[in-house]
Amino acid sequence: MRSTDLSELAAFDAVARNRSFRRASEERGVTASAISHAVSSLEARTGIRLLNRTTRSVSLTDAGAMLFARLSPAFGEIGSALDALNQFRETPFGKVRINAPNSIAPFVFGPVMGSLIAANPNLELEIVATDRLVDIVDEGFDAGIRLGESLRDGMTAVRIKPRLRFAVVGSPAYFAARSVPKAPVDLRDHICIRNIYPSGTAYPWEFARYGKTIEFEPTGPLSLDDHELMIEAALSGVALAYVWEDRARPYVQRGQLVECLASWCAPEDWLYLYYPARKHLSAGLRAIIEALRV
């Protein structure tokens with residue numbers, strides 16, 4: 001096989017995984033036009049259309065899907081073989097791509113990024129923070145971070161810090177006209193922000209005490225998927241917010257927000273860094289795990 005053949009196949013594999021020429025070019029470190037040219041050359045040589053392209057989307061043809069299904073494991077093996085070479089290096093080297101929920105990423109990586117990069121100058125850490133549910137294999141990540149309750153099968157998982165906890169908060173102005181709730185049932189008399197995923201699906205406020213678990217589903221006028229916006233809404237006095245305690249703490253300490261129902265807000269399940277069980281653990285990923293593990 002010519003080197004140009006392999007380069008074209010690698011370009012196609014990147015586009016197929018990312019469903020985007022731009023993201024494929026960023027991953028490969030070349031221009032989007034170079035990726036497009038490589039894929040077009042592959043299609044011209046084979047005489048088969050592999051991708052359907054529009055100005056807004058990229059999708060696989062039936063032939064492209066078949067080729068991708070065969071190529072993906074092969075390139076995965078090549079990647080694992082190259083990762084295995086890292087064991088012969090004294091220090092971690094190269095890029096490690098990690099996906100983490102946007103609402104959680106600052107608490108996980110904020111305390112360790114500086115020391116991690118300083119101790120490993122040849123490590124290139126790429127963190128993509130999004131609350132969208134991501135398939136780390138399909139989208140080319142080395143690892144992901146999730147709460148334990150949402151881990152997929154077939155993954156190796158390592159428990160990491162911190163252990164997070166939700167808090168219910170409202171502004172002093174909000175509580176000036178309303179009583180502070182003493183139990184989750186009292187929330188029915190309050191204006192509460194609906195927490196949603198980027199998909200638009202809502203998730204309940206969860207409480208636990210004395211072995212009893214309660215789920216409360218707000219019906220307020222605001223539905224938000226970003227904890228910073230929830231904090232801003234709570235600060236404005238328009239509603240109560242259900243956010244990570246660590247995110248609300250500075251505002252509570254300054255008296256800008258008031259926390260309530262603290263005895264009902266139990267710690268969440270542990271966070272885990274996870275990666276495909278079959279994937280060889282590179283020196284870079286190993287260094288990140290050691291920095292984050294409990």
Side-chain angles (χ1 to χ4, degrees), residues 99-110 127-136 144-152 160-175 177-209 212-253 256-272 274:
N99 168 258
N102 181 59
S103 59
I104 289 173
F107 311 126
V108 174
F109 292 104
I127 301 167
V128 176
T130 173
D131 286 327
R132 177 176 63 87
L133 195 59
V134 168
D135 186 317
I136 62 170
I145 289 174
R146 286 187 193 174
L147 289 166
E149 63 191 19
S150 58
L151 288 174
R152 282 176 43 189
I160 62 173
K161 54 193 174 185
R163 191 175 188 186
L164 300 176
R165 176 178 173 272
F166 273 101
V168 177
V169 293
S171 72
Y174 176 89
F175 285 120
R178 300 170 181 86
S179 60
V180 177
K182 304 298 183 184
V185 68
D186 298 335
L187 292 173
R188 292 180 299 186
D189 300 323
H190 288 266
I191 303 170
C192 301
I193 298 168
R194 296 176 70 244
N195 294 47
I196 60 173
Y197 294 109
S199 64
T201 302
Y203 58 94
W205 295 16
E206 296 183 351
F207 303 96
R209 189 177 179 184
K212 181 181 181 181
T213 300
I214 296 174
E215 291 189 351
F216 171 71
E217 298 188 3
T219 57
L222 269 181
S223 298
L224 303 174
D225 77 340
D226 182 85
H227 281 226
E228 285 297 334
L229 280 176
M230 294 176 195
I231 289 287
E232 290 300 321
L235 288 170
S236 74
V238 70
L240 297 181
Y242 181 72
V243 295
W244 293 120
E245 181 186 40
D246 286 356
R247 192 173 292 273
R249 182 177 291 114
Y251 301 96
V252 173
Q253 291 174 339
Q256 294 173 278
L257 289 175
V258 176
E259 182 179 0
C260 54
L261 300 176
S263 63
W264 283 91
C265 295
E268 288 292 299
D269 194 358
W270 284 97
L271 289 171
Y272 288 83
Y274 67 100

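The structure presented is a predicted model; accordingly, all values stated were derived computationally and were not measured.
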Just wondering, do [Y] and [X] contact through their side chains at under 4.5 Å, heavy atoms?
X: Phe216; Y: Cys192; value: yes
X: Asn99; Y: Thr130; value: yes
X: Leu271; Y: Phe107; value: no
X: Val258; Y: Pro172; value: yes
X: Phe207; Y: Leu261; value: yes
X: Ser171; Y: Leu235; value: no
X: Tyr274; Y: Arg146; value: yes
X: Leu240; Y: Trp205; value: yes

Item checked: Check: Asn195 side chain, Tyr242 main-chain N or O, donor-acceptor pair, under 3.5 Å ->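 Between the backbone of Tyr242 and the side chain of Asn195 there is a qualifying donor-acceptor contact (under 3.5 Å).
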Margin query: Checking the side chain of Asn102 only, and the main-chain atoms of Asp131 only, is there a donor and an acceptor separated by less than 3.5 Å?
Written below: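 No; zero donor-acceptor contacts below 3.5 Å.
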I need the minimum non-hydrogen distance between [X] and [Y], along with the two atoms involved.
X: Asp246; Y: Pro250; value: O-CD, 3.6 Å
X: Ile196; Y: Ala202; value: CG2-CA, 3.8 Å
X: Val243; Y: Met230; value: CG1-CB, 3.6 Å
X: Arg194; Y: Gly220; value: CD-O, 3.9 Å
X: Arg165; Y: Ser263; value: NH2-N, 4.5 Å
X: Val238; Y: Ala233; value: CG1-O, 3.2 Å

Distance check, rounded to the nearest 0.5 Å: [X] atom [atom1] versus [Y] atom [atom2]?
X: Trp270; Y: Lys161; atom1: CH2; atom2: NZ; answer: 10.0 Å
X: Leu187; Y: Glu217; atom1: CG; atom2: CD; answer: 12.5 Å
X: Leu147; Y: Leu164; atom1: CG; atom2: CG; answer: 7.0 Å
X: Lys182; Y: Cys260; atom1: NZ; atom2: SG; answer: 9.0 Å

Next item on the list: With side-chain contact (heavy atoms from CB on, under 4.5 Å) as the test, would you mind laying out the steps for Ile214 and Trp264 before giving the verdict?
Entry: CA-CA 9 Å; Ile214 296 174; Trp264 283 91; 3.8 Å; yes
Next item on the list: Identify whether NZ of Lys or CZ of Arg in Arg178 sits under 6.0 Å from the centre of the six-membered ring of Tyr174 and within 45° of that ring's axis.
Entry: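 Yes - Arg178 lies over the ring of Tyr174, closer than 6.0 Å to its centre and within 45° of its axis.
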Checklist line | Ile231 vs Leu257, side-chain contact (heavy atoms from CB on, under 4.5 Å): CA-CA, chis, key distance, verdict | finding: CA-CA 9 Å; Ile231 289 287; Leu257 289 175; 4.1 Å; yes
Check: Hey, what's the ring geometry for His227 with Phe166, parallel, tilted or perpendicular (30° and 60° as the breaks)?
Finding: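 Taking Phe166 first and then His227, their aromatic rings sit tilted (interplane angle of 30° to 60°).
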Next item on the list: Assign the ring pair His190 / Phe175 to parallel, tilted or perpendicular, where the plane angle (0 to 90°) is split at 30° and 60°.
Entry: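 Ring orientation of His190 relative to Phe175: perpendicular.
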Notebook entry, point to check: Taking atom OH of Tyr197 as the centre, does the number of heavy atoms from other residues, nucleotides or ligands within less than 6.0 Å exceed 12?
Noted result: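 Atom OH in Tyr197 is not crowded, with 12 or fewer foreign heavy atoms closer than 6.0 Å.
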Next item on the list: May I ask you to say whether Arg249 pairs ionically with Glu259, meaning some side-chain N is under 4.0 Å from a carboxylate O?
Entry: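 Salt bridge absent between Arg249 and Glu259.
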